[in-house]
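In what follows, every chain begins at residue 1, and chains take the letters A, B, ... in the order their sequences are listed. Being a predicted model, the structure only gives us computed values, none of them experimental.
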Amino acid sequence: MTLLDLSARDREGATAIAVRPAWDSEPLRYLDEHGAPVEGGARPRPESLAPAALLRGYRALRFARAFDTEATNLVMQGRLAVYPSCRGQEACEVAAVHALTEQDWLLPTYRDSAALVLRGIPAVDALTLLRGTWHCGYDPKQWRTMPQCTPLATQGPHAVGLGLAAKLAGDDSVALCFFGDGSTSEGDFHEACNSAAVYQAPVVFLVQNNQYAISVPLHKQTRATSLADKAVGYGMPGVRVDGNDLIALTAVLGEAVDRARAGGGPTLIEAVTYRLQAHTNADDAARYRQSAEVEYWRHRDPIDRLARYLTAIGALDATVEAEIDEECEQYCERMRAQFAEEPTYHPDEMFEHVYAEPTTQLLAQREMVRAEYGSGEGEGAAQ
Amino acid sequence: MTLLDLSARDREGATAIAVRPAWDSEPLRYLDEHGAPVEGGARPRPESLAPAALLRGYRALRFARAFDTEATNLVMQGRLAVYPSCRGQEACEVAAVHALTEQDWLLPTYRDSAALVLRGIPAVDALTLLRGTWHCGYDPKQWRTMPQCTPLATQGPHAVGLGLAAKLAGDDSVALCFFGDGSTSEGDFHEACNSAAVYQAPVVFLVQNNQYAISVPLHKQTRATSLADKAVGYGMPGVRVDGNDLIALTAVLGEAVDRARAGGGPTLIEAVTYRLQAHTNADDAARYRQSAEVEYWRHRDPIDRLARYLTAIGALDATVEAEIDEECEQYCERMRAQFAEEPTYHPDEMFEHVYAEPTTQLLAQREMVRAEYGSGEGEGAAQ
Amino acid sequence: MSAEISAPAAPLTMAKAINAALSDAMAEDDKVVVFGEDVGALGGVFRVTDGLTAKFGEERCFDTPLAEASIMGTAIGMAVYGFKPVVEMQFDAFAYPAFEQIFSHLAKMRNRTRGAVPVPVVVRIPYGGGIGGVEHHSDSSESYFAHTPGLHVVTPATVEDAYSMLREAIDSPDPVIFFEPKRLYWSKANVALPARTGPIGTAAVRRPGTQATLVCYGQTVPICMAAAEQAAKEGIELEVLDLRSLVPLDDAAIERSVAKTGRAIVVHESVGFGGFGAELAARIAERCFYQLEAPVTRVAGLDVPFPPPKYEHWYLPDADRVLDAVDRALSAG
Amino acid sequence: MSAEISAPAAPLTMAKAINAALSDAMAEDDKVVVFGEDVGALGGVFRVTDGLTAKFGEERCFDTPLAEASIMGTAIGMAVYGFKPVVEMQFDAFAYPAFEQIFSHLAKMRNRTRGAVPVPVVVRIPYGGGIGGVEHHSDSSESYFAHTPGLHVVTPATVEDAYSMLREAIDSPDPVIFFEPKRLYWSKANVALPARTGPIGTAAVRRPGTQATLVCYGQTVPICMAAAEQAAKEGIELEVLDLRSLVPLDDAAIERSVAKTGRAIVVHESVGFGGFGAELAARIAERCFYQLEAPVTRVAGLDVPFPPPKYEHWYLPDADRVLDAVDRALSAG
Ligand SMILES: Cc1ncc(C[n+]2csc(CCOP(=O)(O)OP(=O)(O)O)c2C)c(N)n1
Ligand SMILES: Cc1ncc(C[n+]2csc(CCOP(=O)(O)OP(=O)(O)O)c2C)c(N)n1
Ligand SMILES: [Mg+2]
Ligand SMILES: [Mg+2]
């Protein structure tokens, strides 16, 4: 029995059954996959359609792609411990970061390294976790960006706490929290959305539905046709938007952020996109998906789509593209240089910041490790 | 900003926002609070409207009330350790049990002792947990009734497992799982509903929305106007029904159980009812609710409502009432007698069934306690 | 207003002392917020937060949706922002849904951010048995937390400590798991508030003695005091050491006492196997190896799920079991 | 079909041995079902369930929604019905969301129903470090489970044991937490399957010795073997005792060995403070008090959150640390 049957049976009046409004089945777009505006689609703010604004977004998309490509090279060269690529999802990364002010909080996952550098965090600091040199390489308070979260959906309640704190402190900052499609099945996702709605906390829950949780396709995560449907149960607005359409994303995120800032509470956004690379460099996607599917999505690439539109309206040409190539190449060169040299480590680091003051037990252990280190045993242990 | 504003703004087409269909705001009924049939309400099966069927339901309601009242007396006499009353919620208890066959599984909470005795479990066994004589006093497999669950919502995944197991085993039994309104905020509730929908497991999730989680009112648990709205996000049917209307409940539960049995997957049902007593005998409801509110609900008592209807259709009169009084009184007398005598306990019980075979460590501890027990220290320790 | 609570006419219960500590901390620092299940209008199922919402408003003490992981995660987010959340887990076993938030975030945030993000959250957990609770209402879960680096784990045994240690916990820059011994909520003492006892990380000798040391904390302190009392009647002088803090642990105080007595009995209510008493016994045996005249023995909860009310008196350590262990220790070696 | 996997031509990795155990158990008993995150088409992130869906179909080996508590609770429900679920927690730290289901239900169901409802669920948890995993991918959580009555807790250290112990675990009427030492997944041995070694609850002497006993399990067994090898070169004969099973614990084997050697060093990777090694050290010190010639020492993970890849070699116990402890033990007393 499908939802459709049900709504049908409902119209016969058998019982009152809540079903998802049919008009919400198509994700909201501004551009179709060929970069042409669609009828009755998203309603961006006029100023966001100004060529300069669009070009800023495009530059960011290209930058995100370049960063992601370079990080992928670095992991293949063994300069990173692991790298989860966001290739194909750059529009979500860019739209999210651009929707926020410096005062707003961003809660990224392991997938969102591009968002970190888009926020301005230096690449070496942004990639510290994935390089394996520390758990978090930047100051989350300085950047108003929490450490990348790995335990799925556990960042959700943190976003609620940050939002609620801002609300209680009378500060109008907003917390934007990234999730993957798979993580919406976790209890913490539910508890966070439900609590945020009850508190009317200024939070935007952005689910990047890239169709897979490692190898598990969306239809094994939910029986609903949209992850945004979950918003209904939380009594908050829910929007399903094309995650490869920067203009539509910008419109939807802008509205959600404004609502949150104005005291209108949280919004759940499902951005429909696709993970063009494997889950991480360690994953073998061939085991669970067809190249034809990947091809289908390559033709829906968020960058090409905006490029076509910008070219059509005359905002983009070969010269600008060349400029952008140049910018990106310079950035990536710096990255390569920075990652070429291995930093030095000292075992003392492990014992610092476990507590504000190390316990006597920790001091004793630090001494033990220092002694080994001095005697070269520390390194020895590395072999 | 309220959901209503949103749907309004949506019709203006600002963005596609999933909102709860307005027609689902009123709980489904068959009888109004005065016991008169309503227009365009629930559609019970004809046979369920037969006087004999209705009278069976009424007897069960009266029996549940009598049992609950007697248990409340027993706890006041110190014969039970604690008792969470279901007074006012009897229609949910009766409808749930009557919706199932002996082969179906029931997953009760601490609140659902009445459902246990309605299933046929002897009162002493049903009340073992609350008497404090053991954790569970009946054989869950014999009665196809899981132990009463206290960690909120944790029984949800068990229902999914039982349902999925039946489905895989090609047996058409169904699992019906009780929840309270508060427990819908727990992650396990979400994970259970979502997984059940994905597996299309034969499960019925019945939320008794009795308006409070101990002292916390519903509006602090959810921002949505119905708990059934959560069904939308799971892609399963959701129904909001008057939990004090046995006929409507029977119709809704019957449909859900049939659907599950036929392979149509799970259903989420919100039964709108009210907890007439305090959370438990240990609770002081005066701290968080007005007697006026309690009065309001007294006038919506599920038993009176059905009685009025039955009397109106001539299926109930003083003689039948007297018969029922008599039955109930006899049952309660037996209960009083059974609970008058304290059972004897032996400390060995604690060590049994920790594992299939006690470990050497457990055998040693059992010896220690036996020695104390023999020497009277065991009792000594009780003082 | 908090003053009125702070200078009790009558003897004070531990529950009221904790309430006063919360009230005084909230009055002094408006970044201190209290939330959890039923902590508002009801004042908590043990009435420990009684009156706080009335006194400080819904924004300072509020009821949350029924979701422990989210309560914990919300507290973490608020602490990151700059608040000092004091959250209540209604009963020991109901903190389990919050384990991931506690183990993977609360305990690690400071370390993983190189000290940039401390999370000074206080997690109040009423723990232990002896109140006739049905299943899941009597667990002692301190061993799980004490094994998790990044958390401070403390539990008071006296009314004065309940007040003082909670104030210390709220002042602490580190996350503190504050175990409240349920059975002692209604224990009374005449204490003038605001009282301050020793800082977190220090143990206290509750009764000096020479022949053996009873190492205990929280619920088992009064039991060890009773045992020492009885022993004294037979001329046996036992020292009762109340740890107060499991993490950080006061090794020096333990060694000082055992070096003096040469014998140690570790007493706690939590399951014995793999319990915190194992850490204590192992440390004492290792560090006092040459002073010990008898094996360190443990008196702890049995290695079974916490039993039903009618059985708990057989499960819970009591003075008799402690004295049996003392006899074994004294007759040994 | 399982036969083909069951008689390996080439030497077998531990990962393949576990795969074979699952395959053989599924072939023998159609009540055995395997589920978890990515265990289907992908064959698990460590490929331990590789080919099971192809061989037995989606109904016997399937991917679940991404929700550990629900995976665990579903397994409990299926076990109540009569299935024998073997579930995978993808990594140690990702079992934390399932703690409540494990502690409050899986561990207690048999006891609370007076034996009426056994729940023979096997929970496979890849654990420990040494694979360069980023945070949350290298925890050793055995101490939490071993402290929880009602669970059996085991971990293999050899390819043969990996096969045999998993078969035993699946055959067991009790819930078993089966810790898989990640670092040893690719360790190889020539074993003919189906192999059966000792039953759950028995330890194994991996190397006989006379001067000190190295008590270890899972990830630290090869480390202790290496240490014993080095020591032998200096004429020191160490006995290596692989516990295999933490619960039930083979007290007799431990006592036998320590009675002989008079010295014990407990070695595990999990955080030392309040870790399972504390239980081992406490038991040995208590039960072998008069045979011990030196304090029981522990070599364990440091009391800090598991560090990043570049630091883990300093965190993990290694042969050098074990030998330092051996030196201390031998020079003592
Ligand atoms: C609680 C938890 N369980 C399991 C994992 C292991 N894991 C890491 S990523 C992943 C898939 C997540 O999928 P999704 O949420 O869609 O995010 P994506 O990787 O696609 O961006 C899994 C299962 C984890 N990190 N945390
Ligand atoms: C996981 C968990 N957290 C907290 C509790 C303590 N507790 C017991 S009943 C209750 C309220 C439950 O409310 P609801 O779900 O509406 O059920 P009701 O009691 O109203 O039937 C709470 C908070 C618990 N039993 N389990
Ligand atoms: Mg995904
Ligand atoms: Mg309720």
Side-chain angles (χ1 to χ4, degrees), chain A residues 105 107 128-129 134-142 146-147 149-169 171 173 175 177 186-188 190-199 201 203 349-362 364, chain C residues 30-31 33 35 57-60 62-83 85 97-98 100-101 103-105 107-121 149-152 172-175 201 245 247-252 283:
Chain A
W105 286 88
L107 293 96
T128 295
L129 169 71
W134 198 255
H135 305 299
C136 176
Y138 50 92
D139 178 340
K141 288 182 161 177
Q142 179 197 338
M146 286 291 278
C149 190
T150 296
L152 296 166
T154 56
Q155 72 277 19
H158 305 163
V160 178
L162 285 163
L164 181 57
K167 182 178 174 174
L168 293 179
D171 134 15
S173 57
C177 188
E186 292 277 8
D188 277 28
H190 171 75
E191 296 190 8
C193 291
N194 191 60
S195 303
V198 168
Y199 299 139
V203 181
E349 281 277 321
M350 294 188 292
F351 300 95
E352 273 151 41
H353 313 303
V354 176
Y355 301 100
E357 296 298 330
T359 61
T360 52
Q361 293 80 8
L362 281 178
Chain C
D30 58 17
K31 286 269 164 283
V33 289
F35 55 96
E58 276 253 25
E59 305 215 323
R60 301 285 308 282
F62 56 91
D63 291 325
T64 63
L66 218 169
E68 292 77 11
S70 154
I71 291 169
M72 195 62 58
T74 300
I76 291 168
M78 291 184 78
V80 171
Y81 186 96
F83 281 86
E100 182 183 33
Q101 285 287 349
F103 295 172
S104 294
H105 289 295
K108 298 182 164 81
M109 193 66 77
R110 176 189 287 272
N111 178 258
R112 57 204 281 255
T113 60
R114 284 208 173 93
V117 185
V119 280
V121 172
L151 303 174
H152 281 174
S172 169
D174 292 307
S245 171
V247 184
L249 183 63
D250 191 347
D251 275 321
R283 295 181 91 74

Query - Contact leader toward chain A among R60(C), H152(C), M72(C), where contacts are heavy-atom pairs under 4.5 Å - result: H152(C)

Report summary line: So, the part of T154(A) with a heavy atom under 4.5 Å from chain C: the answer is both

Query raised in the report: For P175(C), does its backbone N or O pair with a side-chain atom of Y355(A) as donor and acceptor, under 3.5 Å?
Result: no

Query - From CG (L249(C)) to OG1 (T360(A)), nearest 0.5 Å - result: 8.0 Å

Query raised in the report: Where does S172(C) contact chain A at under 4.5 Å (heavy atoms): side chain, backbone, both or neither?
Result: neither

Query raised in the report: Checking heavy atoms, do the side chain of M146(A), its backbone, both or neither come under 4.5 Å from chain C?
Result: side chain

Report task. Hey, could you give me the CZ/NE2 distance between R114(C) and H353(A), rounded to the nearest 0.5 Å? Result -> 8.0 Å

Query raised in the report: For A166(A), is it the side chain, the backbone, both, or neither that has a heavy atom closer than 4.5 Å to a heavy atom of chain C?
Result: both

Requested in this report: Select, from G163(A), P147(A), A356(A), C136(A), the one with the greatest count of heavy-atom pairs under 4.5 Å involving chain C.
Outcome: A356(A)

Requested in this report: Could you tell me which portion of A169(A) (side chain, backbone, both or neither) has an atom closer than 4.5 angstrom to a non-hydrogen atom of chain C?
Outcome: both

Query raised in the report: Once you round to the nearest 0.5 Å, how far does OG1 of T359(A) lie from CG of D250(C)?
Result: 12.0 Å

Report summary line: When rounded to the nearest 0.5 Å, the distance separating CE of M78(C) from NE2 of H158(A) is 13.5 Å

Query raised in the report: Looking at E100(C), H105(C), E59(C), which one has more heavy-atom pairs under 4.5 Å with chain A than the rest?
Result: H105(C)

Query raised in the report: In terms of heavy-atom proximity below 4.5 Å to chain C, should F351(A) be classed as side chain, backbone, both, or neither?
Result: neither

Query raised in the report: Of the listed residues (V160(A), D139(A), L168(A)), which shares the most heavy-atom pairs with chain C below a 4.5 Å separation?
Result: L168(A)

Query raised in the report: Checking heavy atoms, do the side chain of L151(C), its backbone, both or neither come under 4.5 Å from chain A?
Result: backbone

Report summary line: Rounding to 0.5 Å, atoms CZ (F62(C)) and OH (Y199(A)) come to a distance of 5.0 Å

Query raised in the report: Counting heavy-atom pairs under 4.5 Å to chain A, which of P149(C), P248(C), A116(C), P173(C) comes out on top?
Result: A116(C)

Query raised in the report: With a 4.5 angstrom heavy-atom cut-off, which part of V198(A) approaches chain C: side chain, backbone, both or neither?
Result: side chain

Requested in this report: Heavy-atom distances under 4.5 Å only: say whether Q361(A) touches chain C with side chain, backbone, both or neither.
Outcome: side chain

Requested in this report: Please test D188(A) against Q101(C) for side-chain contact (heavy atoms from CB on, under 4.5 Å), starting from the C-alpha separation and ending with a verdict.
Outcome: CA-CA 9 Å; D188(A) 277 28; Q101(C) 285 287 349; 2.9 Å; yes

Query raised in the report: Among H135(A), E349(A), E352(A), whose side chain to side chain contact (heavy atoms under 4.5 Å, CB included) with N111(C) holds?
Result: H135(A)

